[in-house]
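Before any comments, here is the structure.
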Amino acid sequence: MTDQPPGGGSGGVDPERPLDVPEPPVTPGGPEQPEPSGSVVPPSAAVSQVDPRLVMRQQGFGGYLSEFKRRVRGGELGSLPVIFGLIVIWIVFWSLNDRFLSAQNLSNLSVQIASTGLISVGIVFVLLLGEIDLSIGSVSGLAAALLAVLNINHGWGDLASIFAAMGVGLGIGLIQGFFFAKVGVPAFVVTLAGLIGWLGLQLYVLGDQGTINLRYGGTIHKLTSYYFDQVIVGYVIAAVLVGLYAVSRYLEYRRRRDAGLAVVPVQDLALRTGLLAVIAFVVAYVLNQWKGTPLALLIFLGFVIVGDIVLRRTRYGRQIYAVGGGIEAARRAGVNVSFIRISVFMICSMMAALGGVFAASRIVSAGQSTGSGDVLTNAIAAAVIGGTSLFGGRGSTYSALLGMLVIGSISSGMDLQSVNSSVKLMITGAVLLAAVVLDSVSRRSQKASGRA
Amino acid sequence: MADTADSSGTPVLALSGVSKRFGAVQALSEVDLDVRAGEVVALVGDNGAGKSTLIKVIAGVGPPDSGTLTWEGRPVAVAKPHDAQALGIATVYQDLALCENLDVVANLFLGRELMRGIALDEVGMEKQATELLTTLSVKIPSVRIPVASLSGGQRQTVAISRSLLGDPKVVLLDEPTAALGVEQTAQVLDLIERLRDRGLGVIVISHNLDDVFAVADRIAVLRLGRNNGVFDRRTVSREDLLAAITGAIDNVVTRRQARKSGEDRGDQS
């Protein structure tokens, strides 16, 4: 393209183009091209012309309502069902036992979900490729065992042990990713072998000790037991988060407007920022009613946010979505599919290892049962419940947070009711099935309305 | 680009003696093809003649078993799609060209995203995408909707527009008009002529001889994986071209004659 800056158009503003040119209305049918073939049409000033066929949202509240109806019909529910479900779950458990919404219980809940939530952030990356990793439970257990053995038996430092455990996670991801991407074994089989094999290694590492207790008050223990008890900390963090969100959205708005592109109304930005601010400050307030802002929650949130930025704002993340949406198209566009696959499995296993570290920190020990049981299913279920598709190409790390809140709330609520664990398992299974059904159905209606 | 815009000069891209085998099938044997700057070469042939295989060889998707590729006079190896892109070869495939879950902008820039630091330059990409599509008179509802919601014809125009973003010197089009309506076919043909006028070499695969005669300068025929003649569009007749494509010289009548002459020599077949 001779009239485009090739490649690196920094700032995206063409100096030869007058800015802020009011766009002439485009008539239906658009400007036809009557010129003899071969002539080059000069770029018109109408940069952000809008096709009349495109359904635009009307202004005002009615606009939001009709947009909402259209989305529900088209299966573009996003995170609405899970937020709605979460509210229902909270109301139900609160009506059964008003301690459910107490500051203490909510604070505990926020720490409880961190371990499996971190694993779930990793599995989101794999699910985006349309693949699955069944080994995450075993990898988290192995990482916890290694952490304990290195820290207690071999006297490694706390941080060194944590990083070593995460490094082993990276290595495991490299091995599994290699067999999947280079050898061509289905990920399901590779990670099923990993599920068994890494559990075996976990038992081997623990030896005949069975369970190794960690040090109380050490850095590892503090990961899930430290609270910022100064009231101000929670509010400052909330303010910073809201501020960063508002500034980044506003800068994006300004750049789009300056480039002559379609922009969302400013009221929209204000509404979203206000909503985020209310949520952030309510959370900070509730947490301050108990012990303060938990470190574990901040770390979990940090990984969720960073993961989302990586996925949506970087070239690497874009390539992950591309591989998940059409592997052949991605390969032909020059995406290194093997690299993407291997690196995603490395991220997933590393997050599983970090989740294992948090699990060990929470119970201040690592044993043969760490990482077993419902860790694997809960992590995958959380991602799917939160809205990440099992079919690849759709989802975000926020689904790990939302899904973990749902699963954690059900679990915590039933614990308060002293429900038998048999019932808990059945209900969690039903919730997972409901989420997958929702995923499949919404995918079908998205196909019908052309938004796969 | 201007220095190579002489259509009688050295070919931008030349293939010689390219062979490719899939198991028991010799898909290509000793195929030659060249394209100069500012020239449209149509690649025609019956089903299974090896057209798509040849395109894949050039695009680096399926490297040849033997034969050489020459780029602007020097031999090059194209083992990966990235090699072809780096040289300046852009390919538009018949199918599987777009990621349905990504929006139009993301698809246009897939593999060559604009960056601001380490972040994607979404504004810059959207601006360029809109300008490009406007320049090419490509009509889609919005550049921010997923490709899944576009019609087949709209997807094809997006796929072709996509190939132009990398500032290529040679564009390969695999059946660009196969899925298009009448008006969109005309748009694509206009687009191909615009590429030629910009000094690009264009290789078009097509089954539609009307399209071929409308835009091609030269017409290369493949038959059963071999070269079966290169024709000048201005001098070749439709009948001769069809004969070369279908191998009509090798038809029932000629085979019968050959058999008869064989019988005359007492050779029972």
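Here is how names work: the chains are called A, B, and so on, in the same order as the sequence lines, proteins then strands, and each is numbered from 1. For the numbers below, each heavy atom of this structure counts, side chains included, while hydrogens, waters and symmetry mates do not. For clarity, every value in this text was computed on a predicted model and none was experimentally measured.
At most 12 non-hydrogen atoms from other residues, nucleotides or ligands lie less than 6.0 angstrom from NZ of B:Lys56. Remark: B:His207 NE2 is packed, more than 12 non-hydrogen atoms of other residues, nucleotides or ligands lying under 6.0 Å away. With a 6.0 Å radius and a threshold of 12 heavy atoms from other residues, nucleotides or ligands, A:Arg254 has its CZ atom at or below the threshold.
Taking a cutoff of 4.0 Å between a charged side-chain nitrogen and a carboxylate oxygen, A:Arg255 and B:Asp121 qualify as a salt bridge. No salt bridge links B:Glu122 with A:Arg312; every basic N to acidic carboxylate O contact stays at or beyond 4.0 Å.
For chain A, the nearby part of B:Gln85 is the side chain; its heavy atoms alone come within less than 4.5 Å. Proximity to chain A is absent for every atom of B:Arg196, based on heavy atoms less than 4.5 angstrom apart.
Nearest approach of B:Val123 to A:Arg256, heavy atoms of both residues: CG2-CG, 3.7 Å. A:Ala322 and B:Cys99 make their closest contact through O-SG, 3.3 Å (heavy atoms, listed as atom of the first residue, atom of the second, distance).
In this structure, CG in B:Leu110 is found 8.0 Å from CZ in A:Arg318, a value given to the nearest 0.5 Å. The CE atom of B:Met115 sits 6.5 Å away from the OG1 atom of A:Thr314 when rounded to the nearest 0.5 Å.
Side chains of A:Arg313 and B:Leu120 form no contact here, defined as non-hydrogen atoms less than 4.5 Å apart.
The backbone N or O of B:Asn101 sits nowhere less than 3.5 Å from a side-chain atom of A:Arg394 that would complete a donor-acceptor pair.
Annotation: maximal heavy-atom pairing with chain B below 4.5 Å, among A:Ala333, A:Gly334, A:Gly325, A:Gly393, occurs at A:Ala333.
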